[in-house]
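Please read the structure below before turning to the comments.
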Amino acid sequence: MLDRLDEAAEALRRHEGSSPILTISCEPSLGMRWLMPRLGTFRTLNPDLNIDLRLAGGPIDLLADGCDAAIRHTNLVLPEDDVVTRLWSEYAGPVCAPDCWETVIGRDLSRARWLHSRTRPEAWREWQRESGYRGSPASEQFFDHFFFALQAAVDRLGTAIGPLPLVNDDLRAGRLIAPLGMVATGYDYVLLTKDSPDTDPRIARFSNWLMQQAKDLSTGAGQLPSDSP
């Protein structure tokens with residue numbers, strides 16, 4: 001009986017669309033490198049709704065963690081009882097500082113130090129499988145998170161696999177380049193909720209805004225050149 005009361009109370013809380021706070025869990029690298037720089041725009045468009053952003057990765061129990069929704073990558077095993085709303089497909093490719101590509105490694109990826117993330121150690125192999133690139137690195141270096149590996153690429157310490165949207169702003173600003181283009185990884189970014197996003201007007205506003213913000217992530221992603229190594 002107590003369990004049923006808890007479930008009923010949770011259902012009422014989830015459908016309380018008038019709450020001024022929307023609690024969102026987001027993977028740390030995505031949150032820091034893409035979502036947080038855009039939340040000011042969301043706040044301007046939705047001054048009545050505050051986003052309580054919690055940076056956390058891995059599996060999530062929305063009810064136990066007190067979250068209305070979560071943004072996750074589909075390389076995880078997603079909860080069977082959550083509603084999964086696809087946001088956008090992921091593209092990725094090697095990224096490095098412009099002068100690093102031109103002068104340090106002479107436009108030759110096999111002369112580069114390949115930067116890895118321990119949170120996604122297969123990223124380079126996945127890119128090689130999708131792109132057909134068969135070379136190997138001159139050296140390798142490992143970091144605890146994508147955030148650090150990508151910052152190391154900005155700082156000319158090597159070449160990392162840069163997934164869109166994590167490198168979107170750096171590519172636009174010229175801090176990084178993707179000299180071999182981007183390929184689809186076969187993964188998606190998704191929004192996890194307990195009910196359909198349309199049942200909560202706050203989540204509906206947030207998910208619609210997310211997809212509007214992400215339009216350039218698919219349209220701006222190119223395929224590898226046909227003459228790439």
Side-chain angles (χ1 to χ4, degrees), residues 10-76 78-79 82-92 95 119 145-147 150-151 154 162-176 182 185 187-221:
E10 181 56 37
L12 287 173
R13 186 193 72 80
R14 293 206 312 269
H15 291 293
E16 181 51 64
S18 62
S19 172
I21 299 175
L22 184 65
T23 304
I24 303 292
S25 172
C26 182
E27 294 180 346
S29 293
L30 177 66
M32 289 186 289
R33 296 188 67 88
W34 187 81
L35 181 57
M36 287 179 67
R38 289 162 173 76
L39 282 181
T41 301
F42 181 83
R43 181 61 185 273
T44 299
L45 297 172
N46 301 272
D48 60 321
L49 185 57
N50 293 318
I51 300 297
D52 177 9
L53 182 62
R54 301 182 182 180
L55 297 179
I60 184 171
D61 184 328
L62 292 173
L63 299 186
D65 293 332
C67 294
D68 295 295
I71 304 172
R72 288 294 187 269
H73 191 269
T74 56
N75 64 343
L76 297 173
L78 303 178
D82 285 355
V83 176
V84 179
T85 303
R86 179 184 171 278
L87 295 172
W88 58 81
S89 297
E90 182 187 65
Y91 291 80
V95 296
T119 55
H145 297 284
F146 249 132
F147 182 85
L150 294 174
Q151 186 59 47
V154 171
L164 289 172
L166 302 188
V167 295
N168 186 70
D169 293 347
D170 288 315
L171 293 174
R172 288 182 173 275
R175 292 184 292 269
L176 290 174
M182 297 272 177
T185 65
Y187 295 114
D188 294 328
Y189 286 91
V190 297
L191 187 71
L192 302 178
T193 53
K194 298 308 295 183
D195 303 295
S196 172
D198 294 338
T199 62
D200 187 325
R202 303 167 307 151
I203 297 177
R205 276 194 281 169
F206 183 71
S207 62
N208 291 336
W209 173 81
L210 274 179
M211 286 187 275
Q212 282 293 117
Q213 291 293 308
K215 278 185 174 180
D216 61 330
L217 299 180
S218 293
T219 59

- prompt: So do R72 and S25 actually touch side chain to side chain, heavy atoms under 4.5 Å?
  reply: yes
message: Are the side chains of W88 and P165 in contact, using a 4.5 Å heavy-atom criterion?
response: yes
task: Might you point out which heavy atoms bring P163 and E90 nearest each other, and give the distance in Å?
output: CB-OE2, 3.4 Å
- request: Taking all non-hydrogen atoms of both residues into account, name the closest pair between S89 and D188 and its distance.
  value: OG-OD1, 3.2 Å
field: Reported CD-to-NZ distance for the pair Q213 and K215, which is rounded to 0.5 angstrom
entry: 10.5 Å
field: Side chain proximity check, F146 to V167, heavy atoms < 4.5 angstrom
entry: no
pair I71-L191: side-chain heavy atoms closer than 4.5 Å: yes
query: When rounded to the nearest 0.5 angstrom, what distance separates CZ in F206 from OG1 in T193?
result: 12.0 Å
field: Enclosure of M211 CE (heavy-atom neighbours >12, cutoff 6.0 Å)
entry: yes
- prompt: Is the H73 ring parallel, tilted or perpendicular to the Y189 ring (thresholds 30°, 60°)?
  reply: perpendicular
- request: Measure the CG-CH2 distance between L210 and W34 for me, rounded to the nearest 0.5 Å.
  value: 5.5 Å
- line: The reported gap from CG in D195 to CG in D82 (rounded to nearest 0.5 angstrom) is 9.5 Å
task: Drop me the distance from I24's CD1 to L39's CG, to the nearest 0.5 angstrom.
output: 9.5 Å
- line: Minimal heavy-atom distance between V190 and R86, with the atoms involved, is CG1-CA, 4.0 Å
message: If you compare all heavy atoms of L62 against all heavy atoms of A69, which two are closest, and at what distance to 0.1 Å?
response: CD2-C, 3.8 Å
query: Which residues satisfy the side-chain contact (heavy atoms from CB on, under 4.5 Å) test with L49, sequence neighbours excluded?
result: L22, F42, N46, R202, R205
message: Measuring from atom CD of Q151 to atom CE of M32, what distance do you get when rounded to the nearest 0.5 angstrom?
response: 10.5 Å
- prompt: Below 4.5 Å, heavy atoms only, C-beta onward: do L30 and L166 meet side chain to side chain?
  reply: yes
- prompt: Looking at L35 and C26, what are the two nearest heavy atoms and their distance?
  reply: CD2-SG, 3.9 Å
message: Within the structure provided, determine whether C67 and I60 are in side-chain contact (heavy-atom separation under 4.5 Å).
response: yes
message: With a 3.5 Å distance limit and no angle check, can you tell me whether R43 reaches the backbone of N50 through a side-chain donor-acceptor pair?
response: no
- request: For the residue pair L192 and V84, establish whether any side-chain heavy-atom pair is separated by less than 4.5 Å.
  value: yes
task: Taking only Lys NZ, Arg NE, NH1 and NH2, and the carboxylate oxygens of Asp or Glu, determine whether D200 and K194 approach each other closer than 4.0 Å.
output: no
- prompt: Under 3.5 Å, side chain of T23 to main-chain N/O of D68, donor-acceptor pair present?
  reply: no
statement: In short, salt bridge (Lys or Arg N to Asp or Glu O under 4.0 Å) pairs touching residues 54-66 with sequence neighbours left out are D52-R54
query: Heavy atoms, side chains only, cut-off 4.5 Å: are L150 and V154 in contact?
result: no
Heavy-atom closest pair, residues T74 and L78: CG2-CD1, 4.2 Å
- request: May I ask you to decide if A92's main-chain N or O and T185's side chain share a donor-acceptor pair within less than 3.5 Å?
  value: no
